[in-house]
Amino acid sequence: MNIDKLSTFLGKEQISTEPSTLKLYGKDWTKHFTANPSAIVFPKNTAEVKKIVQWAIETKTPLVPSGGRTGLSAGAYATQKEVVVSLEKMNQILDFDDVERTVSCQAGVVTEALQNYALDRNLYYPVDFAARGSSQIGGNIATNAGGIKVIRYGLTRDWVKGLTVVTGKGEILELNKSLVKNASGYDLRHLFIGSEGTLGFITECQIQLTHQPKELKVFLFALPQLEAIMEVYKSFSKNFALSAFEMFTDVALKYVRKQGHVNSPLEIDAPYYVLVEIEEENDSSLDIAMELFELNLEKGLIVDGTLAQNSQQAKDIWRLREDITEATTEYSPYKNDVSVRVSKVHEFIVSMDKILKADYPEFDVVWFGHIGDGNLHINILKPQQLNSETFMKKCHDVDDKLFALIEKLGGSISAEHGVGLVKKPFLHHTRSPEEIAYMKAIKTAFDPHQILNPGKML
Ligand code: 2HG
Ligand code: ZN
């Protein structure tokens, strides 16, 4: 069997065909797919990844790169007997450069470990999201992960100074080598960021760290109507470089409350909630924020609100937003993760609300997201008695309308979760035929044997 040849360069403990391991590593957090890998391998360094790719070329074996498996677009699923290459044993932080404040890591370093490494040096890695405890930096780079601080700190892309990759031809490339300035032609590093494992394996990276923010203040506001969301956003973003502006609905809150871990600190229930986080940059920051809160209350744009008085209260407010995914996962949600430019958010949410109300009257629809950067998550919960196939068909019927709206507004069918298998049929709503043709040509240049994550994205 082909797989036996792997043991000529990998240890026994680095290869598994155990059914329970196949099941676990053959998938990510996406629902409605079935894992079916033929083996899982666990390389320990770039040289081993290179050998695995060479073996895959020789044996014509498709490979699926796998990180923390927290993806939500099935980008890390092996459904066709592929060999899954888990980077989890490549979890070492290799070096810290205290002149540049950059850190070199292997791809399997967990996001939270990197954040803590930065904190230990009085520094900050600002890309953050609820899956921080499991997601890995390589996967974050492969999907250009966003999360809750994009509005202030940008995406993963903005923090990657250099990459080591193994292409589909089995070559090792060192891209950008941590340079700040480098005008020597195409920046191939950026092709690999967000490539979802279709061009090569990201094995090591250099990540920029930054200074820690000053004290963060967290508000939770209850809003009486849809129209208030962007009005409140405008009033706060005019006065502050916001570090987060997140929204969720009463339906989302209902599921988080049901879990029983955390409750709303507000006295009044409302259809919409926003979480606003600001950095207390100077002595008057908090006064200005409180004045804005009052003003919005007077205008009726906010009906209730609270400011976290300590870090525990701030954490609890954040949990109301961050726990939504976990609180709804048992309902096998069908997920959309869409974006429009920020100035179109209002038009988008008003039209989207109409579509959802008209087309999903029988389903619980949970919507929430990073509305300050134009990204909305729409989760349709599957009623228990409905089978997966019928449910998915209904979801796709509505997708047509939703994506037509996205296309009209010049938005994206995937803001931060990636294309994977889930959004592949809809890519044309966001990318022109010419763009898709260039994407395919780029894929072929780096992976001429089509062994890397075949069937994903394109
Ligand atoms: C979040 O923003 C994640 O919490 C997950 O991107 C979103 O579950 C989702 O749809
Ligand atoms: Zn998100």
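Quick note: numbers below take in every heavy atom, side chains included, and nothing from hydrogens, waters or symmetry partners. Indexing begins at 1, ligand by ligand and atom by atom, following the structure's order.
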Point to revise | Side-chain donor or acceptor of S73 paired with backbone N/O of G420 under 3.5 Å | key: no
Point to revise | Spatial distance of atom NE2 (H377) from atom CG (L72) [nearest 0.5 Å] | key: 8.5 Å
Exercise for review: Starting at CG of L223, measure out to CD of Q225 and round the result to the nearest 0.5 Å.
Suggested key: 8.0 Å
Practice item. Please find out if less than 6.0 Å separates the ring center of H428 from that of F403. Key: no
Review point. Ring centroid separation for F236 and F221, is it under 6.0 angstrom?
Key: yes
Check your understanding: Going by the angle between their ring planes, with limits at 30° and 60°, are F42 and Y25 parallel, tilted or perpendicular?
Key -> perpendicular
Check your understanding: Should the ring pair W159 and Y125 be called parallel, tilted or perpendicular, given that the plane angle runs from 0 to 90° and is split at 30 and 60?
Key -> perpendicular
Study note, to complete from the structure: Less than 4.0 Å from some atom of ligand 1, heavy atoms are found in residues L72, R321, T325, K335, F368, H370, H377, N379, E416, H417
Check your understanding: Does H417 bring an N, O or S atom to within less than 2.8 Å of the Zn ion (ligand 2)?
Key -> no
Point to revise | Angle subtended at the Zn ion (ligand 2) by H377 NE2 and H370 NE2, rounded to 10 degrees | key: 100°
Point to revise | Name of whichever N/O/S atom of E416 is nearest to the Zn ion (ligand 2) | key: OE2
